[in-house]
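Notes follow the structure.
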Amino acid sequence: LELYRDKQSPDITHLKFYNPKGHAALSDILPMLENLGFHVIDENPFSIKPEGASMAEVWIRDFRLTPRHGGKIDVKSLKATLEEALTRVWEGTLENDGFNALVMRAGLNWRLVTLLRAYA
């Protein structure tokens, strides 16, 4: 995963999702992004296969995102926290629900979100 700001449109955030294990279904990815508080504008999927490499093709999905609540995402301060939360949801070690929006809205890490989820 790689979260970064769009240089041409500062209101847009990009998320590149690299998947060397094949093509991930869009219906598996979108709920994760929406539960983190993103509004998905569109996606640009493409695959690469290094010439002469023994590894299979790698799918790269480039999502254009805005925060569902409006405003801008502070990519610099939230990058590592959001990427870690997304990775954990993808791996199945963090539940995929609306509590995850606290990562972006309140700047909480995945452990604090899990704690609040348990209290609720």
Side-chain angles (χ1 to χ4, degrees):
L1 297 168
E2 180 184 2
L3 192 69
Y4 63 96
R5 171 89 49 223
D6 189 315
K7 292 177 183 170
Q8 296 175 345
S9 301
D11 294 341
I12 303 294
T13 302
H14 283 262
L15 174 72
K16 281 195 179 175
F17 180 90
Y18 302 89
N19 191 7
K21 296 179 182 175
H23 190 67
L26 193 56
S27 61
D28 291 335
I29 299 170
L30 286 182
M32 293 185 332
L33 297 174
E34 290 171 346
N35 283 332
L36 275 163
F38 289 111
H39 176 74
V40 181
I41 298 169
D42 63 16
E43 137 193 68
N44 180 25
F46 55 95
S47 67
I48 58 170
K49 181 172 175 148
E51 189 175 326
S54 61
M55 63 184 266
E57 68 182 349
V58 174
W59 277 93
I60 301 172
R61 318 270 304 252
D62 187 3
F63 294 95
R64 287 187 337 130
L65 311 167
T66 58
R68 193 172 50 225
H69 62 276
K72 293 182 184 177
I73 300 168
D74 185 358
V75 174
K76 188 174 182 177
S77 68
L78 292 175
K79 179 179 172 58
T81 306
L82 280 167
E83 287 175 354
E84 184 175 17
L86 274 166
T87 300
R88 293 201 174 266
V89 171
W90 183 251
E91 293 172 343
T93 58
L94 177 63
E95 290 191 45
N96 186 21
D97 61 19
F99 278 98
N100 293 342
L102 292 169
V103 174
M104 185 166 38
R105 294 291 306 260
L108 302 181
N109 66 36
W110 69 271
R111 286 187 172 99
L112 291 173
V113 171
T114 301
L115 183 64
L116 288 174
R117 183 181 292 116
Y119 284 141

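Keep in mind that what you see is a predicted model, and the values were worked out from it rather than measured.
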Would you tell me whether N100 and N35 have side-chain atoms, one donor and one acceptor, within less than 3.5 Å of each other? no
Could you verify whether a donor N or O on one side chain and an acceptor N or O on the other, from D74 and S77, lie under 3.5 Å apart? yes
ILVMFWY cluster, M104 and L116 together (side-chain gap under 4.5 Å): yes
Is it true that V103 and Y4 fall in one hydrophobic cluster, defined by side-chain heavy atoms closer than 4.5 Å? no
Nearest non-hydrogen partners of P31 and L26, listed with the distance: CD-O, 4.3 Å
Kindly give the heavy-atom pair with the smallest separation between K72 and P10, and that separation in Å. CD-O, 4.1 Å
Between [atom1] on residue [X] and [atom2] on residue [Y], distance to nearest 0.5 Å:
| X | Y | atom1 | atom2 | answer |
| --- | --- | --- | --- | --- |
| N44 | K16 | CG | NZ | 9.0 Å |
| L1 | F63 | CG | CZ | 10.0 Å |
| L78 | R105 | CG | CZ | 12.0 Å |
| F46 | D62 | CZ | CG | 6.5 Å |
| Y18 | I48 | OH | CD1 | 8.0 Å |

What residue among D11, I12, V75 forms side chain to side chain contact (heavy atoms under 4.5 Å, CB included) with D6? I12
Show me the side-chain donor-acceptor pairs of residues 81-89 shorter than 3.5 Å, one per line, residues at least two apart or across chains.
residue	atom	partner	partner atom	Å
E83	OE2	L3	N	2.8
E83	OE2	K79	NZ	2.7
E84	OE2	W110	NE1	3.1
T87	OG1	E83	O	2.8

Heavy-atom distance under 4.5 Å between the side chains of [X] and [Y], does that happen here?
| X | Y | result |
| --- | --- | --- |
| R5 | T13 | yes |
| I41 | L65 | no |
| R111 | L115 | no |

Does any N or O in the side chain of R117 come within less than 3.5 Å of the main-chain N or O of D97, such that one atom is a donor and the other an acceptor? no
Listed partners of F17 passing ring-ring contact (aromatic ring centres under 6.0 Å, His included), at least two apart: W90
Shared-cluster residues of W59, by chain and number - hydrophobic side chains joined below 4.5 Å: none
